[in-house]
Trainee: 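Shown below is the structure under consideration.
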Amino acid sequence: MIGKQSIEINATDLVRGMSTSAHTTDGGFSPDTDAVNLIATPGVLNAPAQATDASTNLSGNIIAASGDANVSGQDRYFLTDSGKFYYWNGTTLTLAQTDAVKTYTVGTSDMVQFQLATYASSANDITLLTGSTLGTIDVTWWTTTKGKSALQTAQRHPLLVWEKSLWIGDKSSLHKWDGTTATAAALALSSEQSIVSLGVEPGTGYMLIGITEGQNYSNTISQVSKILVWDGFSTKALRSIIVEDAINAFYPVGGVTYVTYGTKLGYWNGSGITYLRTFKNVTRDGAKLIYKHKITNIGQTLYIADGSRILAYGEVLAGSKVFYPAFQNSPSGTPVNIGTLTAIGGGKLGFGYSAAKFFTFDTESVATTNTTAFITNKFNFPRPVFIRGAYIDWVNAVTNNVTPGSMQVMDETQNYTSFSSLQNLSGASVYSFETKQLDKKVRSCHIRYLGDTVVAGVR
């Protein structure tokens, strides 16, 4: 039987999201948790839906995406590191164009739509594609068609649509295209400065320009990094704010401009960055940092490609935003880093990763998946105690002879001991279950619940 002393893990813990570390209790459960759906039924631990493989026709690895505002347009456009451009109609990727000459690199190349045309930055040029199916392509649009100098290689080339113009970052120059006139160096910075990201300040509507003083693709060099605030017409920035690390992306959601910098997430507070969280799986590697094409939103919830998992930051209950892992990318059981993440409509995310893969994931669905690993906060006891057993409640009926998951105790030596099987052998459907005696002696521990391929939300 279960001992007279008990620890209860319930809805109050679930809606608080992840703690900062496995040794803190500022959230409701451990950040080592993988793949949970907390929004389908707030207060219930559900497994997320399975991802759907939509890689048909894909060649190369997706590194950038943009929308399509044409009346009869496509759901999304994609660019790969092999110079291939695809359109997505909601179900299928279709190859539209191939540029076998220019070089496109994750974190360096960008892609946006401006005045119903699509623009992408390569290593030294801007590519123009027109038509809702990207029927025409001009890979030397900036240098030949517009007669401008080539973009500087080995530099990031972020793009931004702002104030009825397309803006192009090119080391210390910010170029402009208003649909009629192409202007090189509409804003000229000091020669040692490199533009790495572009965004918009929500309060003033001014442009935000992330710069580093020198190249720093992987954020490994100790260099001065700044955010410049610019009005679009002055000969110099209105303000220059030194920040802790290079800004890899500005991303606006709900009147807040979030920023990814180094291996961290924060938000622009008007005079600097307010820190929110350090990513668990992001390292100082140029291909793994969080650029704008690894961060997206559905409604008020922010989704970020944190290595091999999708990290969510949003409201489970109204009025309080929390972090939780929405998905774990583990094809064949091996975690694989996500290279591009974007919203594709209908509450779904699209994500690409190495080996020419593109998957879709429904954030609102709960379905059969066995990737859930829910781990509690660490429980510390003043003296050794015995963990005797556990009592678990489900909101869905667990039918006879079905095993909805398994439970384990992780002790202070980080070794796991399993509770007895959760298989329902009662002969009827059940909504609760009590494990048999365990008698595991611990001074501190975590409890881990591993989901199986059964839809059974845990209360």
Trainee: What is the distance from atom CD of Q113 to atom OG of S66, rounded to the nearest 0.5 Å?
Mentor: 6.0 Å

Trainee: Decide side-chain hydrogen bond (donor to acceptor under 3.5 Å, both in side chains) for N89 and T91; before the verdict, give the C-alpha distance in whole Å, the side-chain angles of both, and the deciding distance to 0.1 Å.
Mentor: CA-CA 6 Å; N89 64 5; T91 57; 3.1 Å; yes

Trainee: Apply the test side-chain contact (heavy atoms from CB on, under 4.5 Å) to residues L228 and L189: give CA-CA distance (whole Å), side-chain angles for both, the deciding distance (0.1 Å), then the verdict.
Mentor: CA-CA 10 Å; L228 308 182; L189 305 178; 3.8 Å; yes

Trainee: For residues 359-367, tabulate all N or O donor-acceptor pairs below 3.5 Å that involve a side-chain atom, not counting sequence neighbours.
Mentor:
{"unit_1": "D362", "atom_1": "OD1", "unit_2": "E364", "atom_2": "N", "d": "3.0"}
{"unit_1": "T363", "atom_1": "OG1", "unit_2": "G347", "atom_2": "O", "d": "2.7"}

Trainee: Would you sort out whether D53 and S55 count as a side-chain hydrogen bond (donor to acceptor under 3.5 Å, both in side chains), showing the intermediate values?
Mentor: CA-CA 6 Å; D53 191 343; S55 306; 2.6 Å; yes

Trainee: Could you state the interatomic distance from CG (D452) to CG (L422), rounded to the nearest 0.5 Å?
Mentor: 10.0 Å

Trainee: Restricting to non-hydrogen atoms, name the atom on Y87 and the atom on A96 that form the minimum distance, rounded to 0.1 Å.
Mentor: CD2-CB, 3.9 Å

Trainee: First locate atom CD of Q223, then atom OG1 of T212, and finally report the distance between them rounded to the nearest 0.5 Å.
Mentor: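 Going from CD on Q223 over to OG1 on T212, the span is 5.5 Å.
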
Trainee: Please check if the side chain of R309 supplies one atom and the backbone of Q328 the other of a donor-acceptor pair under 3.5 Å.
Mentor: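 Looks like no, no N/O pair under 3.5 Å.
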
Trainee: Are any side-chain N or O atoms of K171 and backbone N or O atoms of S191, one a donor and one an acceptor, separated by less than 3.5 Å?
Mentor: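 Answer holds: yes.
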
Trainee: Classify the side-chain pair N269/T274 by whether it contains a donor and acceptor separated by less than 3.5 Å.
Mentor: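 Their side chains do contain a donor-acceptor pair, which is all the 3.5 Å distance test asks for.
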
Trainee: Do Q414 and H446 touch side chain to side chain, with heavy atoms closer than 4.5 Å?
Mentor: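 The answer is no, as the side chains (C-beta and beyond) never meet within the 4.5 Å cut-off.
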
Trainee: For the pair F29 and M18, evaluate side-chain contact (heavy atoms from CB on, under 4.5 Å) and give the outcome as yes or no after the intermediate values.
Mentor: CA-CA 5 Å; F29 51 88; M18 295 192 308; 3.3 Å; yes

Trainee: For residues 157-166, which residue pairs qualify under side chain to side chain donor-acceptor pair (under 3.5 Å), counting only residues two or more places apart or in two chains?
Mentor: none

Trainee: I want to check something: taking the side chain as every heavy atom from C-beta on, are V15 and L38 in contact at a cut-off of under 4.5 Å?
Mentor: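 With C-beta onward as the side chain, the pair stays apart.
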
Trainee: Using atom types as modelled and distance alone, determine if a side-chain donor or acceptor of H293 lies under 3.5 Å from a backbone N or O of A65.
Mentor: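 Yes, H293 side chain to A65 backbone: donor-acceptor pair under 3.5 Å.
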
Trainee: Testing the basics here: between K288 and T283, what is the closest heavy-atom pair and its distance to 0.1 Å?
Mentor: CD-OG1, 3.6 Å

Trainee: Mind running side-chain contact (heavy atoms from CB on, under 4.5 Å) on L265 and I304 for me, showing each step along the way?
Mentor: CA-CA 10 Å; L265 173 71; I304 306 164; 3.7 Å; yes

Trainee: Tell me yes or no: between the side chains of N70 and S72, is some donor less than 3.5 Å from an acceptor?
Mentor: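 There is no such pair (donor and acceptor under 3.5 Å, judged by atom type) between the side chains of N70 and S72.
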
Trainee: Establish, yes or no, whether the cationic atom of R277 lies under 6.0 Å from the six-membered ring centre of F323 and within 45° of the ring axis.
Mentor: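 Positive - R277 is close enough to the ring of F323 and near enough to its axis.
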
Trainee: Which heavy atom of S122 sits nearest to which heavy atom of S109, and what is that distance?
Mentor: CA-OG, 4.1 Å

Trainee: Among Y258, Y303, Y313, Y251, exactly one meets side-chain hydrogen bond (donor to acceptor under 3.5 Å, both in side chains) together with N297. Which residue is that?
Mentor: Y251

Trainee: Would T260 and N248 count as a side-chain hydrogen bond (donor to acceptor under 3.5 Å, both in side chains) if you check the C-alpha gap in whole Å, the side-chain angles of each, and the deciding distance to 0.1 Å?
Mentor: CA-CA 6 Å; T260 59; N248 297 310; 4.7 Å; no

Trainee: Which heavy-atom pair separates G179 from F114 by the least distance, and what is that distance?
Mentor: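 In this case the closest contact between G179 and F114 is N-CE2, 3.9 Å.
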
Trainee: T257 side chain to W268 main-chain N or O, any donor-acceptor pair under 3.5 Å?
Mentor: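 Here the side-chain-to-backbone pair does not exist.
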
Trainee: Give a yes or no on whether a salt bridge exists between D110 and R156, defined as a side-chain N under 4.0 angstrom from a carboxylate O.
Mentor: no

Trainee: Working to the nearest 0.5 Å, report the span between OH of Y206 and CZ of R239.
Mentor: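 Interatomic distance, Y206 OH to R239 CZ, rounded to 0.5 Å: 9.5 Å.
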
Trainee: Hey, what do you get for OG1 (T376) to CG (D13), rounding to the nearest 0.5 Å?
Mentor: 9.0 Å

Trainee: Counting only N and O atoms by type, is there a donor-acceptor contact under 3.5 Å from the side chain of D34 to the main-chain atoms of P325?
Mentor: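 Absent.
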
Trainee: Give the intermediate values and the outcome of side-chain contact (heavy atoms from CB on, under 4.5 Å) for residues N124 and K102.
Mentor: CA-CA 8 Å; N124 63 354; K102 299 295 183 179; 3.4 Å; yes

Trainee: We want to know whether Y119 and W177 form a side-chain donor-acceptor pair, criterion being a heavy-atom distance below 3.5 angstrom.
Mentor: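 Indeed, the side chains of Y119 and W177 share at least one donor-acceptor pair under 3.5 Å.
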
Trainee: May I have the step-by-step check of side-chain hydrogen bond (donor to acceptor under 3.5 Å, both in side chains) for Q155 and D170, ending in yes or no?
Mentor: CA-CA 7 Å; Q155 298 288 334; D170 181 23; over 6 Å; no

Trainee: Does any part of the side chain of T403, heavy atoms only, come nearer than 4.5 Å to the side chain of V454, both counted from C-beta?
Mentor: no

Trainee: Under a 3.5 Å distance rule, please check whether Y324 uses its side chain to pair with a backbone N or O of I39 as donor and acceptor.
Mentor: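 No, Y324 side chain to I39 backbone: no donor-acceptor pair under 3.5 Å.
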
Trainee: Considering only heavy atoms from C-beta outward, does the side chain of T80 approach that of I62 to under 4.5 Å?
Mentor: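 Heavy-atom side-chain distance check passes, below 4.5 Å.
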
Trainee: Going by distance alone, is a donor N or O of one side chain under 3.5 Å from an acceptor N or O of the other, for N377 and T25?
Mentor: no

Trainee: Atom NZ of residue position K280 - does it have more than 12 heavy atoms of other residues, nucleotides or ligands inside 6.0 Å?
Mentor: yes

Trainee: Determine yes or no for a side-chain-to-main-chain donor-acceptor pair under 3.5 angstrom, with N415 supplying the side chain and M410 the backbone.
Mentor: no

Trainee: Do V336 and K357 make a side-chain contact, defined as non-hydrogen atoms from C-beta onward lying under 4.5 Å apart?
Mentor: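 SC-SC contact between V336 and K357 ruled out.
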
Trainee: So do the side chains of L208 and V259 get within less than 4.5 Å of each other, counting heavy atoms only?
Mentor: no

Trainee: Give a yes or no on whether a salt bridge exists between D75 and K348, defined as a side-chain N under 4.0 angstrom from a carboxylate O.
Mentor: no

Trainee: Between the main-chain N or O of A343 and the side-chain N or O of T296, is there a donor-acceptor pair closer than 3.5 Å?
Mentor: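 The answer is yes, because a donor-acceptor pair under 3.5 Å joins these two groups.
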
Trainee: Can you name the nearest heavy-atom pair linking P48 to T371, along with the distance?
Mentor: CG-OG1, 4.4 Å

Trainee: Rounded to the nearest 0.5 Å, what separation is found between the OG atom of S121 and the CG atom of L151?
Mentor: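 It comes to 7.5 Å.
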
Trainee: Examine distances only and state if a side-chain atom of N57 and a backbone atom of L93 form a donor-acceptor pair shorter than 3.5 Å.
Mentor: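 Yes, the answer is positive, given that a donor and an acceptor are paired below the 3.5 Å cut-off.
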
Trainee: Considering all heavy atoms of both residues, which atom of A47 and which atom of N37 are nearest to each other, and what is their separation?
Mentor: O-CB, 4.0 Å

Trainee: Quick check on the 6.0 Å ring-centre criterion: do F358 and F78 meet it?
Mentor: yes

Trainee: Verify, without hydrogens or angle tests, whether K148 (side chain) and A182 (backbone) share a donor-acceptor contact under 3.5 angstrom.
Mentor: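 Indeed, once roles are kept as given, a pair shorter than 3.5 Å links the two residues.
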
Trainee: For I295, which of V253, L302, L341 qualifies under side-chain contact (heavy atoms from CB on, under 4.5 Å)?
Mentor: L302

Trainee: Side-chain contact, heavy-atom cut-off 4.5 Å: I195 with P158?
Mentor: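 Yes, at least one pair of side-chain atoms sits under 4.5 Å.
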
Trainee: For a 4.5 angstrom cut-off between non-hydrogen side-chain atoms, does V106 reach D81?
Mentor: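 With C-beta onward as the side chain, the pair stays apart.
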
Trainee: Identify every side-chain donor-acceptor pair in residues 125-134 under 3.5 Å, counting partners at least two apart or on other chains, and give the distances.
Mentor:
{"unit_1": "D125", "atom_1": "OD1", "unit_2": "W142", "atom_2": "N", "d": "3.2"}
{"unit_1": "D125", "atom_1": "OD1", "unit_2": "T143", "atom_2": "N", "d": "3.3"}
{"unit_1": "D125", "atom_1": "OD2", "unit_2": "T143", "atom_2": "OG1", "d": "2.5"}
{"unit_1": "T127", "atom_1": "OG1", "unit_2": "Y104", "atom_2": "OH", "d": "2.7"}
{"unit_1": "T130", "atom_1": "OG1", "unit_2": "T136", "atom_2": "OG1", "d": "2.1"}

